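Structure first, then comments.
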Amino acid sequence: MNQSKKLAKYDRLYEQIKQYIQSTEDVWARLATMEAVLHHKMQSFFWTGVYVLIDGELIVRSYQGPVACQKLRNGGVCWAAINSGETVIVDNVEEFPGHIACNAASKSEIVIPLRDQKGVIFGCLDVDSDHLSAFDKEDEIGLKKILSLLYQSDSVK
């Protein structure tokens, strides 16, 4: 099997993040670490963060990049992922109905719903790029693999 360079990079980041998060099982600490590593290691990541469902609203929890929208009104890419329960990849945010522009430099986006240990969606990982068509299925695969570390407790010290 000939693995792509992008998937190989995600695999390396998975191993790196796995080492960083060994000291705690805290989901928020783990997510913040994932965001930081991904944001600084993936050149196309312009904004990398987490929005959390709180009282029926999506509120920013932690992020790397320019200042973000604190609360997302219903609509847009994050809500589409939350409502569908599926990853949403947008090649051009200008063409996405109801897109919420927190930063005009954002051109494309991938949003992955976050689930608790019972499978209930509690938020989403949101990654923006300042390039068009920056994300694809390989990003989804790589990011989901990294997110699988959220609840792994076998490595906690």
Side-chain angles (χ1 to χ4, degrees), residues 1-53 58 60-68 72 76-93 95-96 99 102-103 105-157:
M1 184 172 94
N2 187 8
Q3 188 183 38
S4 77
K5 286 183 179 181
K6 188 189 293 186
L7 283 176
K9 184 166 189 174
Y10 276 116
D11 283 347
R12 289 191 303 276
L13 294 177
Y14 172 90
E15 293 302 326
Q16 184 179 9
I17 290 167
K18 188 175 183 179
Q19 295 303 311
Y20 285 144
I21 65 172
Q22 286 182 359
S23 64
T24 183
E25 289 187 18
D26 184 84
V27 169
W28 305 115
R30 286 180 169 200
L31 280 167
T33 299
M34 290 174 186
E35 292 162 22
V37 171
L38 288 166
H39 187 77
H40 293 283
K41 297 288 186 173
M42 298 298 286
Q43 289 183 331
S44 62
F45 287 26
F46 171 76
W47 191 91
T48 311
V50 169
Y51 281 92
V52 182
L53 280 168
L58 273 178
V60 72
R61 183 65 173 219
S62 57
Y63 62 92
Q64 299 278 318
V67 173
L72 297 178
V77 184
C78 288
W79 276 107
I82 294 287
N83 292 332
S84 70
E86 302 291 332
T87 299
V88 177
I89 298 172
V90 180
D91 291 331
N92 182 350
V93 296
E95 296 174 357
F96 191 89
H99 175 254
C102 296
N103 189 303
S106 178
K107 302 294 183 212
S108 60
E109 189 168 357
I110 183 170
V111 179
I112 300 175
L114 297 171
R115 297 177 187 273
D116 64 19
Q117 289 175 294
K118 295 178 182 172
V120 177
I121 293 173
F122 68 88
C124 60
L125 174 68
D126 178 14
V127 183
D128 293 8
S129 177
D130 55 0
H131 301 286
L132 293 171
S133 304
F135 306 105
D136 58 25
K137 189 72 175 169
E138 289 185 345
D139 293 289
E140 179 181 10
I141 292 165
L143 291 169
K144 282 184 169 181
K145 180 176 180 178
I146 288 169
L147 288 171
S148 75
L149 291 169
L150 276 182
Y151 301 109
Q152 284 187 14
S153 59
D154 60 329
S155 62
V156 174
K157 294 179 181 173

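Keep in mind it's a predicted model, so treat the numbers as computed, not measured.
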### Query
Can a donor-acceptor pair be found between the side chains of Glu35 and Ser62 at a distance below 3.5 Å?
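Distance-only check passes for Glu35 and Ser62.
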### Query
What's the verdict on salt bridge (charged side-chain N to carboxylate O under 4.0 Å, His left out) for Asp11 and Lys145, showing C-alpha distance, side-chain angles and the deciding distance?
CA-CA 8 Å; Asp11 283 347; Lys145 180 176 180 178; 2.9 Å; yes
Side-chain touch [X]/[Y], heavy atoms, less than 4.5 angstrom:
X	Y	answer
Leu72	Trp79	yes
Leu149	Tyr20	no
Val127	His39	no
Val37	Leu13	yes
Val111	Ile82	no
Lys107	Asn92	no
Val50	Asp126	no
Leu38	Ile146	yes

### Task
Evaluate the side-chain contact (heavy atoms from CB on, under 4.5 Å) criterion for residues Ile141 and Tyr10: first the C-alpha distance (whole Å), next the side-chain angles of each, then the deciding distance (0.1 Å), finally the verdict.
CA-CA 9 Å; Ile141 292 165; Tyr10 276 116; over 6 Å; no
### Message
Closer than 3.5 angstrom, by distance alone: can the side chain of Arg115 be matched with the main-chain N or O of Gly85 as a donor-acceptor pair?
### Response
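Pair found, side chain donor or acceptor close to backbone of Gly85.
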### Message
Between Arg61 and Trp28 (side chain of the first, backbone of the second, donor and acceptor by atom type, cut-off under 3.5 Å), is there such a pair?
### Response
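Judged by distance alone, no pair lies under 3.5 Å.
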### Query
Asp116: what forms a side-chain contact (heavy atoms from CB on, under 4.5 Å) with it, not counting sequence neighbours?
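Applying side-chain contact (heavy atoms from CB on, under 4.5 Å) to Asp116 gives Lys118, Val120, Phe122, Tyr151.
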### Message
Here's a test for you: under side chain to side chain donor-acceptor pair (under 3.5 Å), which of Glu15, Gln22, Gln16 qualifies with Gln19?
### Response
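Filter result, single survivor: Gln22.
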For [X], enumerate each residue passing the side-chain hydrogen bond (donor to acceptor under 3.5 Å, both in side chains) test, keeping only those at least two apart in sequence or located in another chain.
X	value
Tyr14	Gln152
Ser106	Asp128
Ser108	none

### Message
Could you go through Gln117 and Leu150, starting from their C-alpha distance and side-chain angles, then the distance that decides it, and tell me whether this counts as side-chain contact (heavy atoms from CB on, under 4.5 Å)?
### Response
CA-CA 9 Å; Gln117 289 175 294; Leu150 276 182; over 6 Å; no
For [X] versus [Y], what's the shortest heavy-atom pair and its separation?
X	Y	value
Thr24	Ala29	CG2-CB, 3.9 Å
Cys78	Tyr51	SG-CD1, 4.1 Å
Pro113	Ile121	CB-CD1, 4.0 Å

Enter the distance from [X]:[atom1] to [Y]:[atom2] here, rounded to the nearest 0.5 Å.
X	Y	atom1	atom2	value
Met34	Leu143	CE	CG	10.5 Å
Leu147	Leu31	CG	CG	7.0 Å
Thr87	Ile112	OG1	CD1	4.5 Å

Which donor-acceptor pairs under 3.5 Å do side chains of residues 40-47 form with protein atoms, sequence neighbours excluded?
from: His40; atom 1: NE2; to: Gln64; atom 2: OE1; distance (Å): 3.0
from: Trp47; atom 1: NE1; to: Pro66; atom 2: O; distance (Å): 3.0

Result block: side-chain N/O donor-acceptor pairs under 3.5 angstrom for residues 131-138, not counting sequence neighbours:
from: Asp136; atom 1: OD1; to: Lys6; atom 2: NZ; distance (Å): 3.1
from: Asp136; atom 1: OD1; to: Glu138; atom 2: N; distance (Å): 2.9
from: Asp136; atom 1: OD1; to: Asp139; atom 2: N; distance (Å): 3.2
from: Asp136; atom 1: OD2; to: Lys6; atom 2: NZ; distance (Å): 3.1
from: Lys137; atom 1: NZ; to: Glu140; atom 2: OE1; distance (Å): 3.0
from: Glu138; atom 1: OE1; to: Ser4; atom 2: OG; distance (Å): 2.9
from: Glu138; atom 1: OE2; to: Ser4; atom 2: OG; distance (Å): 3.0

